[in-house]
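Each remark here refers to the structure printed beneath this line.
Below, all heavy atoms of this structure are taken into account, side chains as well, without hydrogens, waters or symmetry copies. The model shown is predicted, which means the values in this text are computed figures rather than measured ones.
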Amino acid sequence: MSLQVSADVAQVADEIEPKVIEWRHHFHQHPELSNGEFETAKYIADYMRELGFEVQTGVAKTGVVAILDSGKPGPVIGLRADMDGLPVLESNDLAWKSTAKGEYNGNEVPVSHACGHDTHMAMLMGAATILASKKSELKGQVKFIFQPAEEGAPAGERGGAEVMVEEGVLKNPDVDVIFGLHIWAGLDVNTVAYRAGGIMAAVDPFKVVVKGKQAHGAYPWLSVDPVVTSAQIIMGLQTIVSRELELVEDGAVVTIGKIQGGVRSNIIPNEVEMVGTIRTLNDAAREHIYESLPRKVKAIAESMGATAEVTLPLDYNYPVTYNDPELMADMVDTLVRTAGKDHVTSRKPTTGAEDFSFFQKEIPGLYLFVGGKPLDVPVKEAPAHHTPEFYVDDSGMKLGVKLLTNLTMDYMAKH
């Protein structure tokens, strides 16, 4: 039964691939920034209604949720795609390139799908198309979740998966498991990569304000120098990972990305502000850094005669993107059967972050990587995500459509 269903899904995926590509090109040409995905949401909602689904709009501001009810008892499965673009000027010479503009923090900026969310939406719409055609074979319900603001809400706003969860997206009906995909520019097309446990890091931005005493730069002994103190703090923070964590178990990063203080060369300022990010792959490491970082910052500042204020987290934070080990073990055979054994790889975790983790914090979930790199492009030449050159090939989407469909149907058959 399972093999027959899989072959059937593959055939239908072949048939609808041109439509999936058409959807992707539309989204790519018309990207919208986080919490502003109004036209994107309308386009998706209109199609979901065409499929006969119950559709809810305006979830977490611009999110769309569609429900396919088989009319038979069974599990409720969530499938998620993110919708937002980025303030990045696309440099690719494509017939369907983005020339869109948007507003970001009060400034007009170029907008593009520089992380592949256009493909995520198209793949989920493709899976919805196949699952709708197979309604009589399903047992249970499927909740299609099109999520805004994965890249982070604008300043002063909230958004994304966290707000969707707060607004009850996993309730009524209660979702049992959730699946999501991310296309990856450095992974060969027709390949899927997975990992049980932490696959993407928790992210925790933080701010440190070091306060000292201002003085003329020619007379530093009259100051309490917050610049030198900040330099000591930056170096001291690196020892949290290198000397306090068990590195073979606890991958982590502490990075200062911005430091600002002073107005001219010969004035030692009163204060310096630093902004950074913490990335961790398990809760134990995350909890340790939450305790260690403020303690270390304040102790170093005190040793220099200065004071320091720490804000952690600063404005947003995501948990670890954690693939439930039991669910992963249960569904690996679906990956192998869908992609072929030679096209399924286990991967190391990445210190990038994903707010899909908010869904996984509530229910078991799997987050997988699907290849988008053309086979004739060397890995080292594949453009990075969030860059003007970012590119993934249309041919990578068909596997994603089949995976979302088969994960749903196989889970229903098993449960």
Side-chain angles (χ1 to χ4, degrees), residues 13 17 20-21 23-29 31 81-100 110-124 126 150-152 180-195 198-201 203 251 253 255 257 277 279 281 321 323 335 338-356 366-404:
E17 184 181 21
V20 174
I21 292 172
W23 291 327
R24 187 266 171 112
H25 290 185
H26 170 83
F27 291 133
H28 193 90
Q29 281 189 300
D82 36 13
M83 305 193 302
D84 50 331
L86 286 160
V88 173
L89 177 65
E90 180 173 12
S91 64
N92 296 313
D93 185 18
L94 303 170
W96 35 278
K97 74 177 292 183
S98 171
T99 58
V111 184
S112 68
H113 274 295
C115 199
H117 296 187
D118 51 342
T119 70
H120 300 172
M121 293 181 282
M123 288 188 288
L124 186 51
E150 188 280 327
E151 299 291 356
L181 304 175
H182 201 309
I183 203 156
W184 205 246
L187 183 67
D188 285 348
V189 295
N190 303 321
T191 301
V192 57
Y194 73 95
R195 174 183 168 84
I199 191 168
M200 298 188 78
V203 55
V253 173
T255 291
T277 187
R279 304 297 172 109
L281 288 161
T321 304
N323 287 337
L335 309 188
T338 304
K341 184 178 180 180
D342 293 339
H343 298 282
V344 178
T345 66
S346 61
R347 64 164 291 152
K348 294 179 180 179
T350 174
T351 47
E354 238 290 349
D355 75 348
F356 186 81
L366 296 184
Y367 197 67
L368 309 170
F369 289 91
V370 176
K373 183 185 74 62
L375 298 179
D376 61 352
V377 175
V379 172
K380 290 184 179 180
E381 295 180 15
H385 291 243
H386 291 218
T387 66
E389 302 80 18
F390 174 79
Y391 175 79
V392 288
D393 197 79
D394 287 336
S395 63
M397 293 189 291
K398 183 164 65 175
L399 176 57
V401 171
K402 293 188 291 184
L403 284 167
L404 291 169

- Message: Would you say that Leu89 contacts Pro388 through its side chain, given a criterion of any heavy-atom pair below 4.5 Å between the two side chains?
- Response: no

- Message: Please give me the minimum heavy-atom distance between Thr387 and Ala384, naming the atom from each residue.
- Response: OG1-O, 2.6 Å

- Message: Run the ring pair (Phe, Tyr, Trp, His ring centres under 6.0 Å) test against Tyr194 and tell me which residues pass, sequence neighbours left out.
- Response: none

- Note on the structure: Asp394 meets the side chain to side chain donor-acceptor pair (under 3.5 Å) criterion, sequence neighbours left out, with Arg24, His25

- Query: Of the non-hydrogen atoms in Asp82 and Glu150, which two are nearest, and what is the gap between them?
  - Reply: OD2-CG, 3.4 Å

- For His28, check side chain to side chain donor-acceptor pair (under 3.5 Å) against everything at least two apart and list the hits. Glu90, Asp118

- Return the set of residues passing side chain to side chain donor-acceptor pair (under 3.5 Å) with Thr277 (not counting sequence neighbours), or none when no residue passes. Arg279

- Could you state the interatomic distance from CG (Leu366) to CG (Leu403), rounded to the nearest 0.5 Å? 11.0 Å

- Query: What residues, two or more places apart in sequence or in another chain, satisfy salt bridge (Lys or Arg N to Asp or Glu O under 4.0 Å) together with Glu354?
  - Reply: Arg80

- What pairs with Tyr391 under side chain to side chain donor-acceptor pair (under 3.5 Å), at least two apart in sequence or on another chain? Asp393

- Task: Mind checking side-chain contact (heavy atoms from CB on, under 4.5 Å) for Thr191 and listing every partner two or more places apart, or none if nothing turns up?
- Result: Leu187, Asp188, His343, Thr345

- Query: With side chains defined as the heavy atoms from C-beta onward, is the minimum distance between Val189 and Leu399 less than 4.5 Å?
  - Reply: no

- Contact summary for Gly396 and Val370, nearest pair of heavy atoms: O-CG1, 3.6 Å

- Look up atom CG in Leu181 and atom CG in Leu124, then write down how far apart they are to the nearest 0.5 Å. 8.5 Å

- Query: OG/Ser112 to CD/Gln29 distance, rounded to the nearest 0.5 angstrom?
  - Reply: 13.0 Å

- Query: How would you list, by chain and number, every residue that makes a salt bridge (Lys or Arg N to Asp or Glu O under 4.0 Å) with Glu17, sequence neighbours excluded?
  - Reply: Lys398

- Under the side-chain contact (heavy atoms from CB on, under 4.5 Å) rule, collect the residues that match up with Glu151, sequence neighbours excluded. Ser34, Asp84, Leu86, Cys115, His117, His386

- Query: For Thr350, which residues count as a side-chain contact (heavy atoms from CB on, under 4.5 Å) partner, sequence neighbours excluded?
  - Reply: Met200, Arg347, Phe369

- Item | Check: Ser98 and His113 side chains under 4.5 Å, non-hydrogen atoms | no

- Item | Contact summary for Gly198 and Pro349, nearest pair of heavy atoms | O-CB, 3.5 Å

- Task: For residues Ala122 and Met397, report the shortest heavy-atom separation together with the two atoms involved.
- Result: CB-SD, 4.0 Å

- Note on the structure: Rounded to the nearest 0.5 Å, the CZ atom of Phe390 sits from the CD1 atom of Ile183 at a distance of 7.0 Å

- Message: Can you list everything that forms a ring pair (Phe, Tyr, Trp, His ring centres under 6.0 Å) with His182? Sequence neighbours excluded, please.
- Response: His120, Trp184, His385

- For Ala382 and Gly186, the nearest pair of non-hydrogen atoms, with its separation, is CB-CA, 4.2 Å

